[in-house]
Amino acid sequence: RPNPVEMNNAREQLKRYVEHYDSFYEIFVIDAGSGEIIASSNPSIEGNHRAEDAYFTEPVQTKELYIKDIYYSKTIKGPSMTFSCPIFSLADPGKVVGVATARINLERSLYKLLLQRTGLGETGETLIVNKEVIALNDLRWYPNAPLNLKITVGPAVNAAGGETGIIETTDYRGVKVLAAYTHIPRTGWGFVAKQDQKEVYASIAQLLKFLIFITAITAVIIFFIAVFTAEALARPILEMTRVSGKIREGYLSVRNIPRQKDELGFLAQVFNEMADSLQSQMQVQQKTAEITDVMVETKTLGTFSLYMLKKFVEVTESTFGVFYTLDKEKKIFKCTAAIGSSIETMEPFKADHPEGEISAALADRKISHIAGIPPDTIFKYKTFMGTAIPKDLLTIPILVDGKVAAVISMASLKPFSKESLEISHHVWPLLNTAFSNLLAGLDMARLAGDLQEKNREITLNNDALKH
């Protein structure tokens, strides 16, 4: 048995629990050996014996929590409910040395919850019944109902029997109600929530009228919204139809103006991008054809280099341009045409030691594009107005039999457009072929001249021998 000091500490601890938690009416500890109350938040009951009470015997035997159903307590002179659990020995965890019992204040706990009738109107209520279908809580229409009223109507009987459902029936008053019921297995209770049918259906009828009114208003609003939406949807579609008609007539610069950030706005933007792509492709084809015409018309190396450079500078909107041609010994590239600068200022460079922007094109034998050149670059061009710093450089090697025979290098004070680069790559194979044919033609003409000169010498020699 604990000493007096321990008993006093336990008693004070139990009192604090009761003071801080309204749900507890009292808490006490029963000695497992004697069944005597040895410590309680209510010292007046200490020494009383509870050896025959179920809330003592059940925890001792089962070693588990025990809930005693709502009953009439002589101590508090009213309905009560008791929870009890075993207290185990620290030295021997399997041995029960006591039982902690808490008597619940139903008015401040369970009954308080059941009296919250939010959503149940003026006639609704909730109730619980035990296994014998006896009411366990206060009812709205029956005074002093706990443990005194036995209910015989359907919902309470069904809930006590372990069923769950919703039913239209009469309650303990004989009034028609709509009731929902279920079973609480842990305590064996039946739980019922009910409301008079008259009140339930009155609110439904009122709700139905309100819904009809809202539906009518909504229909009117939807009509106007539909008209407005139809116009809003049709407007961009009609605009796209108009723009497509203009493009079909040849006005390739006409575009949609996206005014919405939805699917139609996205469609208008895609349509514009498609029109941009179409216009770009037509420009590429047109400029390619112009460059091809220049290739066909030029017959000499000088006119080819000058006219081709002029056309490339025009097409790419370059600021400067230079055309280098490999000499007969195939050792030095010499400037044969220049735009934006003087030919005399363009120094020749060795074929095996190219420098600057031309070196990459000669090494890779591919078109070289250098973009975003910084102000402190080494790429600078001397012009009549002074030194210029380009933004982009474009170098096109001209290949003959897989080797670089000429180079076109262009510089621009602004970035080259996508179309300019596409035209350059598109016409590059044609440029290689045209330059190769030009050189072959010049070689054939030179060979024909040499043969003609040899024939003249042979003829003169034959005439001399005859005389």
Side-chain angles (χ1 to χ4, degrees), residues 1-114 128-134 136-137 146-147 159-162 164 182-191:
R1 184 182 183 87
N3 60 53
V5 175
E6 292 175 341
M7 291 295 295
N8 186 61
N9 291 337
R11 187 179 299 110
E12 293 300 320
Q13 183 70 24
L14 295 177
K15 286 182 179 180
R16 281 195 293 271
Y17 272 114
V18 173
E19 290 173 356
H20 287 87
Y21 298 98
D22 292 340
S23 298
F24 295 124
Y25 183 82
E26 64 180 357
I27 304 174
F28 51 88
V29 178
I30 305 172
D31 180 67
S34 63
E36 178 186 348
I37 298 176
I38 58 176
S40 174
S41 60
N42 178 14
S44 64
I45 67 171
E46 291 182 4
N48 293 346
H49 287 268
R50 296 289 186 268
E52 302 299 326
D53 287 328
Y55 57 71
F56 169 74
T57 59
E58 287 293 328
V60 171
Q61 294 174 1
T62 64
K63 298 181 181 182
E64 293 181 354
L65 172 69
Y66 173 73
I67 301 175
K68 184 175 181 180
D69 202 353
I70 295 176
Y71 63 97
Y72 182 83
S73 172
K74 296 179 181 179
T75 303
I76 65 174
K77 295 181 175 55
S80 181
M81 185 177 184
T82 304
F83 289 79
S84 60
C85 64
I87 302 174
F88 295 96
S89 170
L90 294 177
D92 184 3
K95 181 179 179 181
V96 177
V97 296
V99 175
T101 305
R103 184 173 282 120
I104 305 302
N105 188 330
L106 295 176
E107 295 292 339
R108 295 180 179 179
S109 55
L110 180 61
Y111 289 173
K112 184 178 180 180
L113 292 175
L114 293 174
I128 54 175
V129 295
N130 60 17
K131 297 176 183 178
E132 289 74 32
V133 203
I134 296 175
L136 299 178
N137 65 296
L147 302 175
T164 297
T182 189
H183 183 68
I184 304 175
R186 186 68 178 83
T187 58
W189 294 344
F191 176 82

Evaluate the side-chain proximity of Ile30 to Val60: yes if any heavy-atom separation is below 4.5 Å, no if none is.
no
If I compare all heavy atoms of Ala160 with all of Val129, which pair ends up nearest, and what's the gap?
CB-CG2, 4.1 Å
Heavy-atom closest contact (Ser41 atom, Pro43 atom, distance):
O-CD, 3.4 Å
Under 3.5 Å: donor-acceptor pair, side chain of Ser84, backbone of Phe56:
no
When you look at Tyr55 and Val99, which way does the side chain to side chain contact (heavy atoms under 4.5 Å, CB included) test go after all the steps?
CA-CA 9 Å; Tyr55 57 71; Val99 175; 6.0 Å; no
Report the distance from atom CG of Leu65 to atom CD of Glu58, rounding to the nearest 0.5 Å.
11.5 Å
Quick check: does any side chain N or O of Asp31 sit under 3.5 Å from a backbone N or O of Ser34, one acting as donor and the other as acceptor?
yes
Value rounded to 0.5 Å, distance of CZ in Phe24 from CG in Asn105
11.0 Å
Side chain to side chain contact (heavy atoms under 4.5 Å, CB included) evaluation trace for Ile70 with Ile128:
CA-CA 11 Å; Ile70 295 176; Ile128 54 175; 4.3 Å; yes
Can you give me the closest heavy-atom contact between Ala159 and Gly190, atom names plus distance?
CB-CA, 3.5 Å
Do Phe191 and Leu114 come close enough that some side-chain heavy atom pair is under 4.5 Å?
yes
Test salt bridge (Lys or Arg N to Asp or Glu O under 4.0 Å) applied to Asp53 - qualifying residues, sequence neighbours left out:
Arg50
Gap separating the NE2 atom of His49 from the CD1 atom of Ile37, nearest 0.5 angstrom
9.5 Å
Give the minimum heavy-atom separation between Tyr72 and Leu147, together with the two atoms involved.
N-CD1, 3.4 Å
Keeping the roles fixed (side chain from Lys63, backbone from Gly94), state whether a donor-acceptor pair exists under 3.5 Å.
yes
Show, in sequence, the C-alpha distance, side-chain angles and deciding distance for Val5 and Asn9, and conclude whether the side chain to side chain contact (heavy atoms under 4.5 Å, CB included) test is met.
CA-CA 6 Å; Val5 175; Asn9 291 337; 3.9 Å; yes
Decide yes or no for Phe88 and Val97: does some side-chain heavy atom of the first lie under 4.5 Å from some side-chain heavy atom of the second?
no
Minimum heavy-atom separation for Ser73 and Ser80, please, with both atom names.
CB-CB, 3.7 Å
Pairing residues for Glu107 by the salt bridge (Lys or Arg N to Asp or Glu O under 4.0 Å) criterion, not counting sequence neighbours:
none
Would Thr82 and Tyr71 count as having a side-chain donor-acceptor pair, cut-off 3.5 Å?
yes
Using 30° and 60° as the class limits, which term best fits the ring planes of Tyr21 and Tyr17: parallel, tilted or perpendicular?
parallel
When you measure from the side chain of His183 to the backbone N and O of Trp189, does any donor-acceptor pair fall under 3.5 Å?
yes
Mind checking the OG1-CD1 spacing from Thr187 to Ile184? Nearest 0.5 Å is all I need.
5.0 Å
In Å, rounded to the nearest 0.5 Å, how long is the span from CD of Glu12 to NZ of Lys15?
5.0 Å
Could you grab the distance from atom CG of Leu113 to atom CG of Asn137, nearest 0.5 Å is fine?
11.0 Å
Take Tyr66 and Thr57, measure what side chain to side chain contact (heavy atoms under 4.5 Å, CB included) needs, and give me the verdict at the end.
CA-CA 10 Å; Tyr66 173 73; Thr57 59; over 6 Å; no
Where Asn130 and Ile134 come nearest, the two heavy atoms and their spacing
OD1-N, 3.0 Å
Side-chain donor/acceptor of Glu46 to backbone N/O of Ser40, under 3.5 Å
yes
